[in-house]
Asker: 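Let me begin by handing over the structure; questions about it come next.
So that the names make sense, note that chain A is the first sequence line, chain B the second, and so on, each numbered from 1.
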Amino acid sequence: MPGIKQETPAGGTVRVRFAPSPTGPLHIGGARSALFNWLFARRYGGVFLVRIEDTDLERSSKVSEHSILDDLLWLGIDWDEGIRVGGACGPYRQTERLELYRKHAGELLARRYAYYCYCSEEDLAAERESLLARGEMPRYLGRCRSLDSAGRARLEGEGRRPVVRFKVPSDRIVNINDLVRGEVSFECSGIGDFIIMKSDGIPTYNFAVVVDDHTMSISHVIRAEEHLSNTPRQVLLYEALGWLAPDFAHISLILGRDRSKMSKRHGATAIGQYREKGYLPEALVNFLALLGWSPEGEEEIFSLEQLKEMFSLDRVAKSPAVFDLDKLNWLNGHYIRRLPVERLTELAIPFLERAGYIKPPVSPERYNWLKLAVSSVQEYLSCVEEVVAHVGIYFTDEVTLEGEEAGIVMAQDQVPAVLTTLRDKLSGACELTARLARELLKEVGKETGAGGKKVFMPVRIALTGRTHGPELNQVMAILGREKVAARLTAALERDNKDL
RNA sequence: GGCCCCAUGGUCAAGCGGUCUAAGACACCGCCCUUUCACGGCGGUAACCCGGGUUCGAAUCCCGGUGGGGUCACCA
């Protein structure tokens, strides 16, 4: 592809990373970045590492860190090096690497690539406003650049704690050869001296990433497009430190229905929320992979194993993608349908417990029965959570008619005869199997002279209150003789009352 | 507002100058399967943002416009 560099640098080992800041749960976008990095590493026999960027002391938490890591693992994304697992480039949490940043900041200071700045927030705000008013890019104009030691001493005397700013050359143009976007260039005149060390001695993002990516020998930085405009700053830092920058690949953003960056107001954005609703990791992974990347053929159903054989950056799209819940639901339903019943039942149990349908110790008999119930609604589910709504017909004590159509059907002339006949036949039967149910239904049809729909519909409605649902003979078998008889009786009584 | 990115059906997307009267998937509609619905099968509706170039030839290349998005923190 013209203008786009070789994906894998000749001779270089692929080393990529996912570097979340533990300020919240793992989001859809973050998960996709992690996935793309993981796939890229696996595809090219490289190393995938996870590093925690917790320099925002206010918002970072261990809770978030653990939840992000757990969600990654749940998705099937593991790492060869990094937090929890260790490695030669550790520690992998930025707050444990402060010495390193201070050392390199000191170096930049000594070589006059950086300087101390004592400007107050008020000064800065005023400057930003006037710049904005003039229609210019708000940036730091460099007031403290030429501060001498006397000036510094005076300001220190006032109790001011300085930040360290990087001196941005005003006359440069930084060119980035992005692996997905091609050539992108930025004029430094619009950047302004940015902060690399905060006044509390903690590095800022732009500085910490550079130091870490370099010291961890990262070869490719694959991240969301929102970081594209940070890249020139980082490139400048690499140059000043005398380091070779990695290759960059900025993947497009994931948008909400209204085409703006996905956020909480677009509904569920955290992986954990999908996990809780009963989405399967294989469906999420498959879906995420297709968001921005496309395979060569026409097939779209892929496992992680398959994806890692076929992933490549040159099939990553440049345009942003709208998160399509319909498609996720379809994919998830697809994966649910091919799940072994045992597995689906296991997944369904917590939901059924929460719904109050079953109680914790599930006996073997009860479990087998559950399997039947779950299996009868398997094809209806687009996520496991929905099992509750579908399986409700097996648990209610009182059947209530749902919808207008149900009432109309039950008002038909043949209904009493059909229900009575079926109930009578039941009393003779011992165990009501699906097979037997089918027989009985057939006989009822014959004896009442009502065929097909005329017998199936009333029975279905008498048993479930609904006009739609799993195969009737299955429903009967799952309910069992007693309940079927009881519900038939109840329906007949209800009918009498109406008359 | 400055800077940067993006632009094929409602959505995800293939397409890398001729094979495009433009693939596939989701959604939608219809038919079939089924004595229900769903699943499944088959079929259908539906797109190259606009204007200029370049070229024998442009969805594909260039420029401009328009639209959308991102970013401008002692957040990452």
Side-chain angles (χ1 to χ4, degrees), chain A residues 1-2 19-23 53-56 58-60 94 117 119 121 124-125 128 131-139 161-165 176 178 180-181 184-187 189-192 194-200 202-206 208-209 224-232 250 252-253 255 257-261 287 290-301 314-315 317-331 333-334 337 377-381 390 405 409 441-442 445 451-457 460-461 464 466-472:
Chain A
M1 202 180 245
S21 66
T23 54
E53 307 212 330
D54 59 347
T55 53
D56 183 342
E58 297 290 303
R59 298 190 299 148
S60 294
Q94 290 186 327
C117 167
C119 290
E121 277 187 51
L124 264 19
R128 182 159 45 239
L131 242 23
L132 233 28
R134 270 184 285 152
E136 285 184 54
M137 188 157 168
R139 71 208 120 99
R161 300 267 75 211
V163 298
V164 177
R165 281 186 190 272
I176 293 152
D178 192 276
V180 348
R181 260 145 243 287
V184 182
S185 53
F186 296 84
E187 283 188 35
S189 58
I191 295 180
F194 56 92
I195 296 173
I196 58 175
M197 291 295 270
K198 308 179 205 174
S199 53
D200 58 1
I202 306 288
T204 58
Y205 163 74
N206 280 120
V209 234
E225 195 196 318
E226 52 189 318
H227 289 294
L228 187 55
S229 51
N230 277 321
T231 311
H250 287 94
S252 60
L253 261 16
L255 274 24
R257 280 225 160 278
D258 64 353
R259 305 208 127 264
S260 69
K261 191 163 105 176
F287 177 70
L290 258 19
L291 222 47
W293 171 84
S294 66
E296 269 182 67
E298 291 183 352
E299 185 60 38
E300 293 201 343
I301 306 286
D314 48 48
R315 294 198 65 86
K318 298 199 248 193
S319 45
V322 172
F323 182 89
D324 183 6
L325 189 59
D326 279 336
K327 187 151 183 175
L328 205 213
N329 283 335
W330 170 77
L331 259 173
H334 170 89
R337 265 168 248 132
V377 302
Q378 182 163 14
E379 64 196 27
Y380 294 97
L381 311 179
H390 285 96
E405 202 193 338
V409 171
L441 254 7
K442 200 185 282 178
K453 249 189 167 122
K454 296 258 183 205
V455 9
F456 278 74
M457 270 316 217
R460 171 180 297 285
I461 295 165
T464 68
R466 305 176 189 178
T467 51
H468 304 310
E471 269 194 66
L472 194 50

Asker: For the C1' atoms, the ones on rA22(B) and on rA14(B), what distance do you get once it is rounded to whole angstrom?
Answerer: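 It comes out at 9 Å once rounded to the nearest Å.
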Asker: rG64(B) and rG2(B): how far apart are their P atoms, nearest whole angstrom?
Answerer: 15 Å
Asker: Tell me if the side-chain of Glu379(A) makes a donor-acceptor pair with the base of rG40(B), cut-off 3.5 Å, by modelled atom types.
Answerer: no
Asker: Given side-chain hydrogen bond (donor to acceptor under 3.5 Å, both in side chains), test Tyr380(A) with His468(A) step by step and report yes or no.
Answerer: CA-CA 11 Å; Tyr380(A) 294 97; His468(A) 304 310; over 6 Å; no
Asker: To the side chain of Arg128(A), which of rA73(B), rA27(B), rC74(B) is closest?
Answerer: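 Selected nucleotide: rA73(B).
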Asker: Check the distance between rG69(B)'s C1' and Lys318(A)'s NZ and give it to me in whole angstrom.
Answerer: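 The distance from NZ of Lys318(A) to C1' of rG69(B) comes to 16 Å, rounded to the nearest Å.
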Asker: For the C1' atoms, the ones on rA76(B) and on rU71(B), what distance do you get once it is rounded to whole angstrom?
Answerer: 13 Å
Asker: Please give the nucleotide sitting opposite rU34(B) as a Watson-Crick or G-U wobble pair, both distances under 3.5 Å, or none.
Answerer: none
Asker: Using the P atom as the reference point in each nucleotide, state the distance between rC20(B) and rA59(B) in Å, no decimals.
Answerer: 12 Å
Asker: To the nearest Å, how far apart are Leu124(A) CG and rC75(B) P?
Answerer: 12 Å
Asker: With a 3.5 Å limit on both atom pairs, tell me what rA76(B) is paired to, counting Watson-Crick and G-U wobble, or say none.
Answerer: none
Asker: Is the side chain of Thr55(A) donor-acceptor paired with the backbone N or O of Tyr205(A) at a distance under 3.5 Å, no angle test?
Answerer: no
Asker: Looking at the base of rA76(B), is there any donor atom on it, or on the side chain of Asn230(A), that sits under 3.5 Å from an acceptor on the other one?
Answerer: yes
Asker: Taking the C1' atom in each of rC31(B) and rU45(B), what is the distance between them to the nearest angstrom?
Answerer: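 It comes out at 15 Å once rounded to the nearest Å.
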Asker: Side chain of Trp330(A) only, heavy atoms from C-beta on: which candidate in rC26(B), rC6(B), rA13(B) is closest?
Answerer: rC26(B)
Asker: Given rA13(B), rC6(B), rU36(B), identify the nucleotide with an atom nearest to the side chain of Glu471(A).
Answerer: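 Taking heavy atoms from C-beta onward, the closest nucleotide is rU36(B).
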Asker: Taking atom P in both rC26(B) and rG52(B), what distance in whole Å separates the two?
Answerer: 39 Å
Asker: Identify the nucleotide, in any strand shown, that forms a Watson-Crick or G-U wobble pair with rC48(B), with both distances under 3.5 Å; if there is none, say none.
Answerer: none
Asker: Could you tell me whether the side chain of Thr231(A) and the main chain of Leu228(A) form a donor-acceptor pair under 3.5 Å?
Answerer: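 Yes.
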Asker: Counting side-chain heavy atoms from CB outward, which of rA14(B), rC74(B), rC4(B) is closest to Val184(A)?
Answerer: rC4(B)
Asker: Need one value for Ser294(A): base, sugar-phosphate or nothing, where a base atom within 4.0 Å counts as base even if backbone is also close, heavy atoms only.
Answerer: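 Sugar-phosphate only.
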Asker: Round to a whole Å and report the spacing from CD of Glu300(A) to P of rA23(B).
Answerer: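 That distance rounds to 15 Å.
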Asker: Side chains of Ile191(A) and Arg139(A), heavy atoms from C-beta outward: is any pair under 4.5 Å?
Answerer: no
Asker: Given rC4(B), rA27(B), rA13(B), identify the nucleotide with an atom nearest to the side chain of Asp326(A).
Answerer: rA27(B)
Asker: What is the distance, to the nearest angstrom, from the NZ atom on Lys327(A) to the P atom on rU11(B)?
Answerer: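 Whole-Å distance recorded here is 13 Å.
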Asker: Out of rA76(B), rA23(B), rG69(B), which nucleotide sits closest to the side chain of Ser260(A)?
Answerer: rG69(B)
Asker: For rG18(B), give the paired nucleotide (Watson-Crick: N1-N3 plus N6-O4 or O6-N4; G-U: N1-O2 and O6-N3; both under 3.5 Å), or none.
Answerer: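 rC56(B) - that is the nucleotide pairing with rG18(B), both distances being under 3.5 Å.
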Asker: Look at all strands and tell whether Lys261(A) reaches a base, only sugar-phosphate, or nothing, counting heavy atoms closer than 4.0 Å.
Answerer: sugar-phosphate
Asker: Rounding to an integer number of angstrom, what distance separates rA58(B) and rU19(B) when you compare their C1' atoms?
Answerer: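 One C1' to the other, the span is 15 Å.
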Asker: Both distances under 3.5 Å, Watson-Crick or G-U wobble: report the partner of rU66(B), or none.
Answerer: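 rU66(B) is paired, partner rA7(B).
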Asker: Taking donor-acceptor contacts at under 3.5 Å, does the side chain of Ser229(A) reach the base of rC3(B)?
Answerer: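 Under the 3.5 Å cut-off, the side chain and the base do not form any donor-acceptor pair.
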Asker: Let me know the distance between CZ of Arg460(A) and C1' of rC37(B), rounded to the nearest Å.
Answerer: 7 Å
Asker: Are any of the side-chain heavy atoms of Leu328(A) and Asp324(A) separated by less than 4.5 Å?
Answerer: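 No, their side chains stay 4.5 Å or more apart.
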Asker: Taking Asp178(A) for its side chain and His250(A) for its backbone only, find out whether a donor-acceptor pair lies under 3.5 Å.
Answerer: yes
Asker: Would you mind reading off the distance between Leu291(A) atom CG and rA25(B) atom P, rounded to a whole angstrom?
Answerer: 18 Å
Asker: Nearest to the side chain of Lys198(A), which nucleotide is it out of rG69(B), rA76(B), rA13(B)?
Answerer: rA76(B)
Asker: With a 4.0 Å cut-off on N to O distance, would you call Lys327(A) and Glu300(A) a salt bridge?
Answerer: yes
Asker: In whole angstroms, how far is the C1' atom of rU36(B) from the CD atom of Glu405(A)?
Answerer: 9 Å
Asker: Given the C1' atoms of rA13(B) and rG65(B), what is the spacing between them in whole Å?
Answerer: 27 Å
